[in-house]
Amino acid sequence: MLKLEHIFKIFNAGTVNEKKVLIDLSLTVNNGDFVTVIGSNGAGKSTLQNVISGTIFADSGHVILDNADITCATSAAIYVKSAGKTFIT
């Protein structure tokens, strides 16, 4: 199971270029679930995937994978737990 708890991600915080991307996002994906994330440009789809995969860190909140807190885990550590990122071209 993948669980996101109160995820926040803000880019360029405190500047005129501040962009609030993920704001208090909570989500549970059970084993066997199929999830599609859709949205317009700049909606936060890639940021969400990057937070889950460990490419970037959330400013606050928790990412839980199979009951293990992976919030600050590296991409390599998360890959071992089977939550890798796939690019579609």
Is Phe8 isolated, or which residues cluster with it under the ILVMFWY side-chain rule of less than 4.5 Å, directly or via members? Ile23
Work out which heavy atom in Ser53 is nearest to a heavy atom in Thr55; give both atom names and the distance. OG-OG1, 3.0 Å
How about Asp24: does its CG atom have over 12 heavy atoms from other parts shown lying under 6.0 Å from it? yes
Using distance alone, with no hydrogens and no angle criterion, decide if Asp69 and Thr71 have a side-chain donor and acceptor under 3.5 Å apart. yes
Measure across Asn31 and Met1 and return the closest heavy-atom pair with its distance rounded to 0.1 Å. OD1-N, 2.8 Å
Identify the heavy atoms of Ala58 and Ile7 that sit nearest to each other, and give their distance. CB-CG2, 3.9 Å
Rounded to the nearest 0.5 Å, how far apart are CD1 of Ile10 and OG of Ser60? 8.0 Å
Heavy-atom side-chain contact between Leu4 and Val29 under 4.5 Å: no
Does Val37 share a hydrophobic cluster with Ile56, counting links as ILVMFWY side-chain heavy atoms below 4.5 Å and allowing steps through other members? yes
Given the rule that I, L, V, M, F, W and Y join up when any side-chain heavy atoms are under 4.5 Å apart, are Leu48 and Phe11 in one cluster? yes
From the list Val35, Asp66, Val63, side chain to side chain contact (heavy atoms under 4.5 Å, CB included) partner of Leu2 resolves to Val63
Between Ile52 and Ile70, which heavy-atom pair has the shortest distance, and what is it? O-CD1, 4.0 Å
So does Lys45 have more than 12 non-hydrogen atoms from other groups sitting under 6.0 Å from NZ? yes
Indicate yes or no for a side-chain donor-acceptor contact from Lys9 to the backbone of Lys20 under 3.5 Å, with no hydrogens or angles considered. no
Closest heavy-atom pair, Ser26 versus His6, reported as atoms and distance to 0.1 Å, is OG-N, 3.0 Å
